[in-house]
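Written below as structure tokens is the structure these notes are about.
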Protein chains: 2
Amino acid sequence: MGRPTVTDIAREAGVSLATVDRVLNARPGVRAKTVAAVQEAVARLGYVRDMAAANLARGRSTRVAILLPDTESQFVQTLQDALEEAAALASSARMQVDLRRYPASDMHLLAATLADLAAGGISGVALMAPETPVLRDALRGLHAAGVPVVAMVSDLPHSAAAHYVGIDSHAAGRTAAMLMGRFLGARTPRVMVIAQSMLLRDSIERRRGFDAVMQRDFPGIEVGQTLETHGAPETLREVMRLSLASSGPVGGIYLLGSGHRALAQVLSELGLLGQVVTIGHELTPHTKAALQAGWMDAVIAQNVGHIARSTLRVLQAKALQQPINESQERLRLEIILRENLPHAS
Amino acid sequence: MGRPTVTDIAREAGVSLATVDRVLNARPGVRAKTVAAVQEAVARLGYVRDMAAANLARGRSTRVAILLPDTESQFVQTLQDALEEAAALASSARMQVDLRRYPASDMHLLAATLADLAAGGISGVALMAPETPVLRDALRGLHAAGVPVVAMVSDLPHSAAAHYVGIDSHAAGRTAAMLMGRFLGARTPRVMVIAQSMLLRDSIERRRGFDAVMQRDFPGIEVGQTLETHGAPETLREVMRLSLASSGPVGGIYLLGSGHRALAQVLSELGLLGQVVTIGHELTPHTKAALQAGWMDAVIAQNVGHIARSTLRVLQAKALQQPINESQERLRLEIILRENLPHAS
DNA sequence: TCGTTTTTGAGGTACGCACATCATTTGCGG
DNA sequence: CCGCAAATGATGTGCGTACCTCAAAAACGA
């Protein structure tokens, strides 16, 4: 005989199917004593609800929304691709995904979108966004409406997010520092730190983690301030020139983000390409190429495919009020060198 | 309206439900022209079979066997734990797992067990084993019987294995070499290589990968022969003493396997603990502790939880003759330092 | 004890699909 | 054009669960 079914529970508990159903689905109108009897039968037989059948019967088709910033970042694009792929697969598990980009500059618009979604009867929302007050209020509104919110990549600790899917950014920064310290060897003990912007929480935390390990384990290495480029090649060239002029040559470069289109060129103009230890974050076509070319030494990444699948699983679970398998959803921080670069699929 | 169902397909293709069913399940007795019409309707409507409902209707309860060597290795134990956890979860997806250990010394017994399983009507087998001729024949027998075989951790390229779940061992060795070379810095450019045994194919390939990168990128570093310990602390102490005496001091130690219980003690006896760069494989309680203590510098690992879940998913898919989502099943080679050690869960 | 409320039982329908049976239609060779 | 085989249609049942309705029984208060 296979797994026990509701019928077995009914027989075992000496009640009818209807009563078992009432207990299992927490419907009212059952005496506490009867509830206990049914629950005992469940425990005794080791009954586990067949979720496939349950969802089939419910006829539920979870509808969720995922919001990504419209930043021209290759990482976000990579993540979007992964989400689309995962969404296609998830459709076979009766879940439809509404994947959108929002203008990163207009948080009020994002908030309005979220309000619309809540009103439109969505069963879950996942988003990657910086935690501004406006957003926080919008998310609390969602929470009040019973819509679970999942934070992606960058956590939203003060916004009643039901779950965070992403790596520990502080640990990511610490790891980058550890590799930087060890790879630097006999090179000039000075590191330049470059970022596109420090808006998202994860950049800030990476920087903190980086500094923590640098101070603790490599006190002899000097770490510069964060140079913000806002994605503009001109600014990148300018700030690097200025920094080199004022603080002197460097042995390493730490990219808080996923790198820049123009970075290779600027580095080569400055005669640094391949000469300095370069460590960055996120696996994108750019960073992949840089690793392969050999001028980037390491990339600290999170598996976007995993993020995408995990996000959808968590949204599904939250929407159906099912428990979450923590160990499956925990993301690992990945260190990518040229040698363990994933093959193009 | 929700997702299209078989009924929609039938209407769209202008055929009956029965015919749609015949086409979808590749049953005989349908003209090529009709098959094409149905498939076109499927493509047009973007029909995706509801696997939950399909499996429910099939009422199948896949039974699979997983065989692990009874080696006293912490890695195998960790893997077993992960498999048990995954199996518990998989039971809710109508799949029962028969998890066993076989005596690593007796391949004939393993072959006999496999023959029994084939006769007993199993729908899939996964195993971690060295590819000996006896085993190869047994696996071909399984293949002939239509039982899919999944190789875990160590590939079985000549044994008609339907799938390999594990990382690229050559790449693992290359990665270890790259880290060793860069971490070594100004230390004595000599590396000692230690293994429990060189039986499993993965050890051999790691060694090959390690040597390849060492020769290419760090020609100045001398790499010793593989010292086999067969798990005995005495042997470990002996071979290390001999090697140090004959070849002189070393700056790094490369553990081809997951380390030894006695390693920390022997290293400390020889005054090497924390003095030499130590790199090994697989995340186990031992290697975790060593990383945390700081005397191991890096561990190249594969995510056992992922291996376990992937193995079960692949077995399930093979048994049900469903396609496999390659990108989800591809394992990443993980580099673990103290800084990105996963938290105890 | 009676009437009322609460609890329980019995039974049906639906979800999307697999699989089986039997009737009917179609295509094809002669 | 007939006969036969192949192809297709029609229809039913079951998988395990959710959810609904109505009737019956039990518990309860007065």
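Order of the sequence lines sets the chain letters (A, B, ...), proteins ahead of strands, with each chain counted from 1. Just so it is clear, the structure is predicted and the values come from calculations on it, not from any experiment.
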Could you tell me which residues satisfy side chain to side chain contact (heavy atoms under 4.5 Å, CB included) with A/Ala53, sequence neighbours excluded, listed by chain and number? A/Asp50, B/Leu56
Per the side chain to side chain contact (heavy atoms under 4.5 Å, CB included) rule, which among B/Ile307, B/Asp168, B/Val165, B/Leu283 passes with B/Gln302? B/Ile307
Nearest-angstrom distance from the residue atom CG of B/Asp21 to P of D/dA7: 16 Å
Remember a base hit wins even if backbone is also touched, and classify B/Ala54 as base, sugar-phosphate or nothing at under 4.0 Å, heavy atoms. sugar-phosphate
In whole angstrom, what separates B/Leu56's CG from D/dT13's P? 18 Å
In short, salt bridge (charged side-chain N to carboxylate O under 4.0 Å, His left out) pairs touching residues 38-47 of chain B with sequence neighbours left out are B/Glu12-B/Arg44, B/Glu40-B/Arg44
Any residue of residues 23-40 of chain A with a heavy atom less than 4.0 Å from an atom of DNA chain D: A/Asn25, A/Arg27, A/Arg31
The side chain of B/Val6 is closest to which nucleotide in this list: D/dA10, C/dC17, D/dT17? C/dC17
For the helix from C/dT1-D/dA30 to C/dG30-D/dC1, measure the angle between the helix axis at one end and the axis at the other, each built from five pairs, rounding to 10°. 20°
Distance in angstrom units between B/Arg22 CZ and C/dC17 P, rounded: 17 Å
A/Leu17 CG to D/dT21 C1', in whole Å, measures 16 Å
Is A/Arg101 reaching over with its side chain to a backbone N or O of A/Gln80, donor-acceptor style, under 3.5 angstrom? no
Side chain of A/Ala57: nearest nucleotide among D/dT17, C/dA10, D/dG9? D/dT17
I'd like a table of donor-acceptor pairs (distance under 3.5 Å, sequence neighbours excluded) in which one partner is a side-chain atom from residues 136-144 of chain B, with atom names and distances.
residue: B/Arg140; atom: NH2; partner: B/His158; partner atom: O; Å: 3.1

With a 3.5 Å distance limit and no angle check, can you tell me whether A/Ser159 reaches the backbone of A/Ala161 through a side-chain donor-acceptor pair? no
Where the side chain of B/Asp50 is defined as all heavy atoms beyond and including C-beta, which of D/dT8, C/dG16, C/dA18 is the nearest nucleotide? C/dG16
Against the side chain of B/Thr19, the closest entry in C/dT8, D/dG9, D/dT17 is D/dG9
Please state how far atom CZ in B/Arg58 lies from atom P in D/dC15, giving the value in whole angstrom units. 16 Å
In whole Å, what is the span from the CG atom of A/Asp8 to the C1' atom of D/dC15? 14 Å
Will you find, in the side chains of A/Asn25 and A/Arg49, an N or O donor that is under 3.5 Å from an N or O acceptor? yes
Please output the side-chain donor-acceptor pairs of residues 149-157 of chain A that fall under 3.5 Å, not counting sequence neighbours, one pair per line with the distance.
residue: A/Ser154; atom: OG; partner: A/Arg201; partner atom: N; Å: 3.4
residue: A/Ser154; atom: OG; partner: A/Asp202; partner atom: N; Å: 3.3

Between A/Gly14 and B/Thr5, whichever has its closest DNA chain C nucleotide further toward 5' is A/Gly14
Less than 4.5 Å apart, any side-chain heavy atom of A/Ile9 and any of A/Leu24? no
